[in-house]
Amino acid sequence: MTPTIVATVLIGGILTGCVYALMALGLSVIFGVIRVVNFAHGEMMAVAMYAAVFLFAAFGLDPLHALPLVAAGLFAFGYALQRRLVEPFVRRPEHEQFILLLAVGVILTNGALILFGPEARGIMTDYAFDSYAVGDIIIDKTKTIAAIAAIIAAAGLLGFFRFARTGKAIRACADNLIGAEVIGLDVKRLYTLTFAVGTACVGVAGTLLAMIIEVTPALGPELTLLAFVIVIVGGLGSMPGAIFGGVLIGVSEALAGLLIVPSMKSMLSFALLIVILVLRPEGLLGRRPS
Amino acid sequence: MIRNLATELSTRDAVAATTLVLLLVAAPFVVGDYLLSVILIILYFAYVGQAWNLMMGIAGQLSLGHALYVGLGAYTAAALFVHFDVPPAIGLFAAMAVAALAGAVIGFLAFRFGISGVYFALLTIAFAEFTRILFSHFDWVGATSGFFLPVENRTSSDLVNLRGTSVMFYYVILTLAAGALVFVRLLAGTRLGYYWRAIREDQIAAQALGINVFRYKMLAVVISAAMTAVGGVFLAFYYNNLFPTDVFGIHRSIEIIVAPIIGGLGTYFGPVVGAFLIGILGEGLTNATEAAGIQTAGIKQLVYGVILLLIIKLVPGGLWPLIARRLGFSIKERRK
């Protein structure tokens, strides 16, 4: 095993990790603000992936062009879901929220199974096999494009929360719910918007991930777990944590695939999750609750 | 204790319970092989649902990784039987011990380090998934290619080796399901049961009253895990084959929790009612789609999802309290 191979794998892991990070960012935003744990997160991701695959297969739409469409679709889906289903659950016991979203996830996974069948489906763009060579290191072109798009989307999201009025209002709700209500913020609307923004994130991340890996119905629950591993490792509710966790998991998966058996790569992630939960439940970058 | 149980039941309850038991005991003589196998699986879910109910419904600890205990129980008893000729009647205890130990480890880590709620649920999933991948690489029990028990012709019944006709398996699981119902009901009436419910309703208040929260939560996990493992042993010897993804997968853990939630969390009869409802519905649906010539995998699970969603949205307390009140049975409801 030469350093070049390690570097190649490492870079691949970082690039995939950027897409993971965007997915986890969506989960973190939803939890950080609404305090609802979206247990259907990966399933929504799979839906976005199927949408991208469908748009490519039916209309020959490049994933990058399909991106706004899928994001808008997922935004609308998240908006409706929060309005119709999740909203009344915000103040219900934790396990009821959990089961509600679990049910949504089961419906999405099996809906995908019925519509698309169990076969793996992917997108084969004409640049799928292109790569850049930096010295001896080979960098996959598709992954690079996906990672750049993910970084742009993540930056846009962070900017939205930092500079936009609505974004600031949403952060106000997260910081101090009663305070936000007192100064007259429409918390219900902001919650709905937050959920929709979170799922739109998933829409973008899903489309990008569809460029890199193939999608099967069973991928949904796996991605949900992956997203949870990432946000808990980074710190549930912390946006920088989600990004850091995403890249970390991307790299650790890539290295595990190289150094151990590829099929054991997620075992490492679960072991990491257990260790973090026990030793530092607020995550690596999360704030210790005071 | 037994008398307590009897006096709490009204005549109406007693008559209904006796009728149900008689019907189920008589079932093998009345229904065909196919229907019997359907009831058998329903009773299996009633059993493991009851074990999960003890932990979540009564002690209030949300586990989403109960497939772990099913799998550990199944693999332990099966491996002892295949590799060392240990009959399941003895292997059963090893299976319970292994699962109880796993439960104790998870419980210790969780309760000692204050992991609760969503974090606890995720911890249970993480352990189940970790073990699933571990067993996928565990060659001694077949890894991904599966672990098989020798299938013999099933004419005579051998309870010690758990080899026999489907009727034997039916009575085994019927006994287990009924036993679990009575066991959980009796346990809930003891001091321990009251501690559990106190912890479920308000852990801080329970602690303030001097209840050793850590100890009793540990007990809930360990007992529930050991009970669930028995279900796993049954599954292994009934199906004669084990695959890691099939046994430990998260969809298995979800399957276990569906019946008690639909029937009514924390009620004693809820898991049974829930198991029958989804069992009949699922089977009916499979038959209907097959009759219509549609071969679609996933339709059953889709409907489970829809039902789960409707129940948790409309009647989060489950269906059994509603049914019981309508039919005039006495029921102790979970408050909240």
Side-chain angles (χ1 to χ4, degrees), chain A residues 31 35-37 39-40 43 84-86 88-89 92-115 117-118 217-218 221-222 224-225 228-229 231-232 236 260-261 263-281, chain B residues 56 60-62 64 105-106 108-110 112-123 125-134 136-137 143-144 245 249-251 253-255 257-258 261 265 289 294 296-313 316-317 336:
Chain A
F31 179 81
R35 298 272 139 196
V36 164
V37 170
F39 213 71
E43 284 84 347
R84 300 244 132 250
L85 221 52
V86 184
F89 276 79
R92 297 252 290 257
E94 214 170 38
H95 73 267
E96 289 184 11
Q97 303 173 351
F98 215 84
I99 292 161
L100 177 83
L101 286 153
L102 202 70
V104 171
V106 170
I107 293 169
L108 292 181
T109 297
N110 290 288
L113 183 63
I114 292 167
L115 284 179
E222 267 176 49
T224 296
L225 291 178
F228 273 102
V229 172
V231 293
I232 284 174
L236 197 45
I260 335 170
V261 200
S263 55
M264 285 175 104
K265 65 178 186 185
S266 40
M267 208 164 111
L268 201 72
S269 307
F270 289 118
L272 191 64
L273 176 65
I274 293 168
V275 172
I276 294 281
L277 276 176
V278 170
L279 297 181
R280 206 181 149 83
Chain B
M56 173 61 201
Q61 306 304 311
L62 177 58
L64 280 182
V105 170
I106 296 175
F108 177 82
L109 288 178
R112 172 69 187 73
F113 293 93
I115 301 172
S116 59
V118 178
Y119 290 89
F120 178 69
L122 284 168
L123 186 74
I125 298 176
F127 267 99
E129 286 292 294
F130 185 87
T131 316
R132 172 178 66 80
I133 305 170
L134 197 70
S136 302
H137 295 85
T144 38
T245 318
I250 184 162
H251 58 286
S253 294
I254 294 173
E255 256 177 22
I257 75 172
V258 172
I261 291 171
L265 266 179
T289 45
I294 318 165
T296 37
I299 198 131
K300 201 156 101 177
Q301 262 71 24
L302 184 81
V303 171
Y304 285 178
V306 172
I307 293 173
L308 203 56
L309 191 132
L310 289 176
I311 294 285
I312 205 72
K313 178 130 180 87
K336 212 166 199 176

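Sequence lines set the chain letters: A, B, ... in the order given, protein chains first and strands last, and positions in each chain run from 1.
- Interface remark: A:Leu85 contributes backbone and side-chain atoms alike to the contact with chain B (heavy atom separation under 4.5 Å).
- Proximity to chain A is limited to the side chain of B:Ala121, based on heavy atoms less than 4.5 angstrom apart.
- Of the atoms belonging to B:Ile125, it is side-chain heavy atoms, and not backbone ones, that fall under 4.5 Å from chain A.
- Counting heavy atoms from C-beta on, the side chains of A:Leu268 and B:Phe130 never come closer than 4.5 Å.
- Screening B:Leu309, B:Ile261, B:Ile254, B:Ile250 for a side chain to side chain contact (heavy atoms under 4.5 Å, CB included) with A:Leu102, the sole residue that qualifies is B:Ile254.
- For the pair A:Ser266 and B:Ile133, the tightest heavy-atom approach, listed with the atom from each and the gap, is OG-CD1, 3.4 Å.
- Note that CG of A:Leu113 is 8.5 Å distant from CD of B:Gln301, once rounded to the nearest 0.5 Å.
- Residues B:Leu265 and A:His95 are in side-chain contact: their nearest non-hydrogen atoms beyond the backbone lie under 4.5 Å apart.
- Looking at heavy atoms from C-beta onward, A:Ile107 lies out of side-chain contact with B:Tyr304 at the 4.5 angstrom threshold.
- Contact record, B:Glu129 with A:Leu225: CG-CD1, 3.7 Å, taken as the closest heavy-atom pair.
- Only the side chain of A:Leu273 comes within contact range of chain B, with heavy atoms under 4.5 Å apart.
- For A:Ser269, no part lies under 4.5 angstrom from a heavy atom of chain B.
- Proximity to chain A involves both the backbone and the side chain of B:Ile299, based on heavy atoms less than 4.5 angstrom apart.
- Only the side chain of A:Val37 comes within less than 4.5 Å of a heavy atom of chain B; its backbone N, CA, C and O stay farther away.
- Taken from CE in A:Met267 to OG in B:Ser136, the straight-line distance is 9.5 Å, to the nearest 0.5 Å.
- With a 4.5 angstrom heavy-atom cutoff, B:Ile257 touches chain A only via side-chain atoms.
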- Before giving the answer on side chain to side chain contact (heavy atoms under 4.5 Å, CB included), spell out for A:Phe39 and B:Leu122 the whole-Å C-alpha distance, their side-chain angles and the decisive distance to 0.1 Å. CA-CA 10 Å; A:Phe39 213 71; B:Leu122 284 168; 4.1 Å; yes

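- Taking the side chain as every heavy atom from C-beta outward, B:Leu64 and A:Phe98 approach each other to under 4.5 Å.
- Remark: A:Glu43 pairs with no residue by the salt bridge (Lys or Arg N to Asp or Glu O under 4.0 Å) rule, at least two apart or across chains.
- Here the side chains of A:Pro88 and B:Lys313 are in contact, with some heavy-atom distance below 4.5 Å.
- Nearest heavy atoms, B:Leu308 versus A:Ala103: CB-CB, 3.9 Å.
- Listed by chain and number, the residues in a salt bridge (Lys or Arg N to Asp or Glu O under 4.0 Å) with A:Glu96 are A:Arg92 (sequence neighbours excluded).
- The contact between A:Leu277 and chain B is made by backbone and side chain atoms together, counting heavy-atom distances below 4.5 Å.
- Contacts of B:Phe120 with chain A are absent, with no heavy-atom separation under 4.5 Å from either backbone or side chain.
- For the set B:Ile311, B:Val306, B:Val118, B:Leu109, the entry with the most heavy-atom pairs within less than 4.5 Å of chain A is B:Val118.
- Counting all heavy atoms, side chain and backbone alike, B:Ala126 lies closest to A:Ile274 at CB-CG1, 3.8 Å.
- Of the atoms belonging to A:Val104, heavy atoms from both backbone and side chain fall under 4.5 Å from chain B.
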